[in-house]
Enquirer: 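Quick one: the structure is below, questions incoming.
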Amino acid sequence: MRRYGKHTDEDDIRVRPGRRGSRPRTHRRPKHEDAAEGFVVTVDRGRLTCLVDGRTVTAMKARELGRKGVVVGDRVAVVGDLSGAKDTLARIVRVEKRASVLRRTADDDDPYERVVVANADQLAIVTALADPEPRPRLIDRCLVAAYDAGLDPLLVLTKSDLAAADPLLETYAPLGVRYAVCNRDELANGDAAERVRERLYGRTTAFVGHSGVGKTTLVNALVPPARRRATGHVNAVTGRGRHTTTSALALPLAGDSGWVIDTPGVRSFGLHHVDAGRVIHAFPDLKPGTEGCPRACSHDEPDCALDAWVADGRAEQARLHSLRRLLATREPHEGD
């Protein structure tokens, strides 16, 4: 039996919506021009905590962002319920352009990059002078990552009551890296925190270091008591610290004088993503000397022009040694 007559009009025909409806598909996305600005302070199992107009808002990543990741330190556009009330959920619909990105890989042969933090402008490399023993090669790797990301490095040496800081500081003196030294008593009475805080004023500083060096203890001394995190201890048998910080967290310094981003302790810092040719940019006194280098020079071979550059007195030998030591960090080395 025919449902329609011979002279049907197409406007009379009903179109049954499909599984996804009858609206035509489009690649155009809403611009969300009325979205509020947010700052990501932590990420935990798909939920992102953002600071929006002074309120703490829980959000999730909008589907339209696809595979684009959102990390601590990101500036984002947020829509939805921005009240910050319990059990409310907003959506992150846009990630603003990042000023900097600190990356690392699990190992040097691992091609998968992990973004540690975004939009930091300083990297505090925290290491203990004893218990556990300092690991200079890990420090070197963090320095390379900092230079590659365009961050100013800051060397923070803890537990100076257990060992002297001078030998390690002498190693990094040719690099001109700023530093701060502190011990447990100074952290307890606030002297160390004030000394380190001077280096952080007006900046967004990411703290990195392996477990047990006192990184989170130092961060706790820098921020108000209500925002402090749990701390752990060093295993007496292995000499390694226990992971107490499991996710990165951005914390404001008192008086809105800056941000510190506490990150989980690391036991390796892969540099697969770093082009060794970019490390030279951290040595402006040596870079002009590379103009006479052979093509694809590693800066650590017999024909490298930097040897003659230093021999002519245009730069210090210690600086060239530091450059080559940092370049060598990309080579696998047991005990990093």
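Here the structure is a predicted model, which is why all the values come from computation and not from measurement. FYI, the numbering just counts along the sequence from 1.
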Enquirer: For a 4.5 angstrom cut-off between non-hydrogen side-chain atoms, does Glu64 reach Val93?
Expert: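 Yes. Closest side-chain heavy atoms under 4.5 Å.
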Enquirer: Going by ring-ring contact (aromatic ring centres under 6.0 Å, His included), name the pairs with one or both residues in residues 33-80, residues two or more places apart or in two chains.
Expert: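 Listed by first then second residue: Phe39-Trp259.
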Enquirer: Looking at every heavy atom in both Pro132 and Lys159, which two are closest together, and how far apart are they?
Expert: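 Reported closest heavy-atom pair: CD-NZ, 4.1 Å.
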Enquirer: Which pairs count as side-chain hydrogen bond (donor to acceptor under 3.5 Å, both in side chains) when at least one residue sits in residues 170-179, sequence neighbours excluded?
Expert: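 Only Gln122-Arg178, Asp140-Tyr172 qualify under side-chain hydrogen bond (donor to acceptor under 3.5 Å, both in side chains).
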Enquirer: Less than 4.5 Å apart, side chain to side chain, heavy atoms only: is that true for Leu168 and Leu129?
Expert: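 A side-chain contact exists here, since the closest heavy-atom pair is under 4.5 Å.
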Enquirer: Could you check whether atom CD of Glu113 has more than 12 heavy atoms from other residues, nucleotides or ligands sitting under 6.0 Å from it?
Expert: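 More than 12 heavy atoms, drawn from other residues, nucleotides or ligands, come within 6.0 Å of this atom.
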Enquirer: Do Val43 and Leu51 sit in one hydrophobic cluster, given that two such residues count as connected whenever their side-chain heavy atoms are within less than 4.5 Å of each other, even indirectly?
Expert: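 In one cluster: no.
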Enquirer: Going hydrophobic residue to hydrophobic residue with side-chain gaps under 4.5 angstrom, can you get from Leu249 over to Leu222?
Expert: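 Same cluster.
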Enquirer: Should we say atom CG of Asp256 is surrounded by more than 12 heavy atoms from elsewhere, each under 6.0 Å from it?
Expert: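 Not more than 12 within 6.0 Å, no.
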Enquirer: Please find the pair of heavy atoms, one from Ala221 and one from Leu187, that lie closest to each other, and give the distance.
Expert: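 In terms of heavy atoms, the two residues are closest at CB-CD2, 4.1 Å.
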Enquirer: Taking the side chain as everything from C-beta on, heavy atoms only, tell me whether Thr158 gets closer than 4.5 Å to Thr127.
Expert: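 Thr158 does not reach Thr127 side chain to side chain.
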Enquirer: Can you find a pair of side-chain heavy atoms, one from Ile261 and one from Phe207, that are under 4.5 Å apart?
Expert: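 Heavy-atom side-chain distance check fails, nothing below 4.5 Å.
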Enquirer: Is any side-chain heavy atom of Leu123 closer than 4.5 Å to one of Val208?
Expert: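 SC-SC contact between Val208 and Leu123 confirmed.
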Enquirer: Consider side-chain contact (heavy atoms from CB on, under 4.5 Å). Of Leu323, Thr290, Leu306, Leu320, which one does Phe283 pass it with?
Expert: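 In the set Leu323, Thr290, Leu306, Leu320, the residue that makes a side-chain contact (heavy atoms from CB on, under 4.5 Å) with Phe283 is Leu323.
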Enquirer: Val274, Leu151: one ILVMFWY side-chain cluster at the under-4.5 Å cut-off?
Expert: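 Linked within one cluster.
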Enquirer: Under the criterion side-chain contact (heavy atoms from CB on, under 4.5 Å), which of Leu143, Ile139, Leu154, Asp152 is the partner of Val177?
Expert: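 The residue from Leu143, Ile139, Leu154, Asp152 that satisfies side-chain contact (heavy atoms from CB on, under 4.5 Å) with Val177 turns out to be Leu143.
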Enquirer: Taking side chain as C-beta onward, heavy atoms only, is Thr105 less than 4.5 Å from Leu271?
Expert: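 Contact flag for Thr105/Leu271 side chains = no.
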Enquirer: Check Glu96 with Arg94, please: is the shortest side-chain N to carboxylate O separation under 4.0 Å?
Expert: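 Salt bridge flag = yes for Glu96 with Arg94.
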Enquirer: Tell me, please, which residues at least two apart from Asp307 pass side-chain hydrogen bond (donor to acceptor under 3.5 Å, both in side chains).
Expert: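 Here the qualifying residues are Arg324.
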Enquirer: Under 3.5 Å, is there a donor-acceptor pair between the Asp81 and Ser83 side chains?
Expert: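 Note: Asp81 and Ser83 side chains meet the donor-acceptor criterion.
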Enquirer: Pair Val279, Asp148 - check side-chain contact (heavy atoms from CB on, under 4.5 Å), show working.
Expert: CA-CA 7 Å; Val279 179; Asp148 182 69; over 6 Å; no
Enquirer: In terms of hydrophobic clustering (I, L, V, M, F, W, Y; side-chain heavy atoms under 4.5 Å; direct or indirect links), are Ile125 and Leu169 co-clustered?
Expert: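 Yes; tracing contacts between hydrophobic side chains, which count when under 4.5 Å, links both residues.
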Enquirer: Run the side-chain hydrogen bond (donor to acceptor under 3.5 Å, both in side chains) test against Lys287 and tell me which residues pass, sequence neighbours left out.
Expert: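 For Lys287, the residues satisfying side-chain hydrogen bond (donor to acceptor under 3.5 Å, both in side chains) (neighbours in sequence not counted) are His281.
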Enquirer: Hey, are the side chains of Thr42 and Leu48 touching, using non-hydrogen atoms and a 4.5 Å cut-off?
Expert: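 Side-chain contact under 4.5 Å: no.
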Enquirer: Do the side chains of Arg184 and Asp131 get close enough for a salt bridge, i.e. N-O under 4.0 angstrom?
Expert: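 Yes.
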Enquirer: Is there a side-chain contact (heavy atoms from CB on, under 4.5 Å) between Ile92 and Cys50? Walk through the geometry before answering.
Expert: CA-CA 9 Å; Ile92 294 176; Cys50 306; 3.8 Å; yes
Enquirer: Name all residues meeting the side-chain hydrogen bond (donor to acceptor under 3.5 Å, both in side chains) criterion together with Asp285; count only those two or more places apart in sequence or in a different chain, and write none if there are none.
Expert: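 Residues passing side-chain hydrogen bond (donor to acceptor under 3.5 Å, both in side chains) with Asp285: Arg319.
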Enquirer: I want to check something: taking the side chain as every heavy atom from C-beta on, are Thr216 and Leu218 in contact at a cut-off of under 4.5 Å?
Expert: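 Side chain of Thr216 against side chain of Leu218, heavy atoms only: no contact under 4.5 Å found.
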Enquirer: Distance-only check: which donor-acceptor pairs under 3.5 Å involve side-chain atoms of residues 68-76, not counting sequence neighbours?
Expert:
{"unit_1": "Asp74", "atom_1": "OD1", "unit_2": "Arg98", "atom_2": "NE", "d": "2.7"}
{"unit_1": "Asp74", "atom_1": "OD2", "unit_2": "Val71", "atom_2": "N", "d": "2.8"}
{"unit_1": "Asp74", "atom_1": "OD2", "unit_2": "Arg98", "atom_2": "NH2", "d": "2.8"}

Enquirer: Phe269 and Arg104: which non-hydrogen atoms are nearest, and at how many Å?
Expert: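 The pair with the smallest heavy-atom distance is CE2-CB, 3.3 Å.
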Enquirer: Val117 and Val41: same hydrophobic cluster, using ILVMFWY side-chain contacts below 4.5 Å?
Expert: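 No; tracing contacts between hydrophobic side chains, which count when under 4.5 Å, never links both residues.
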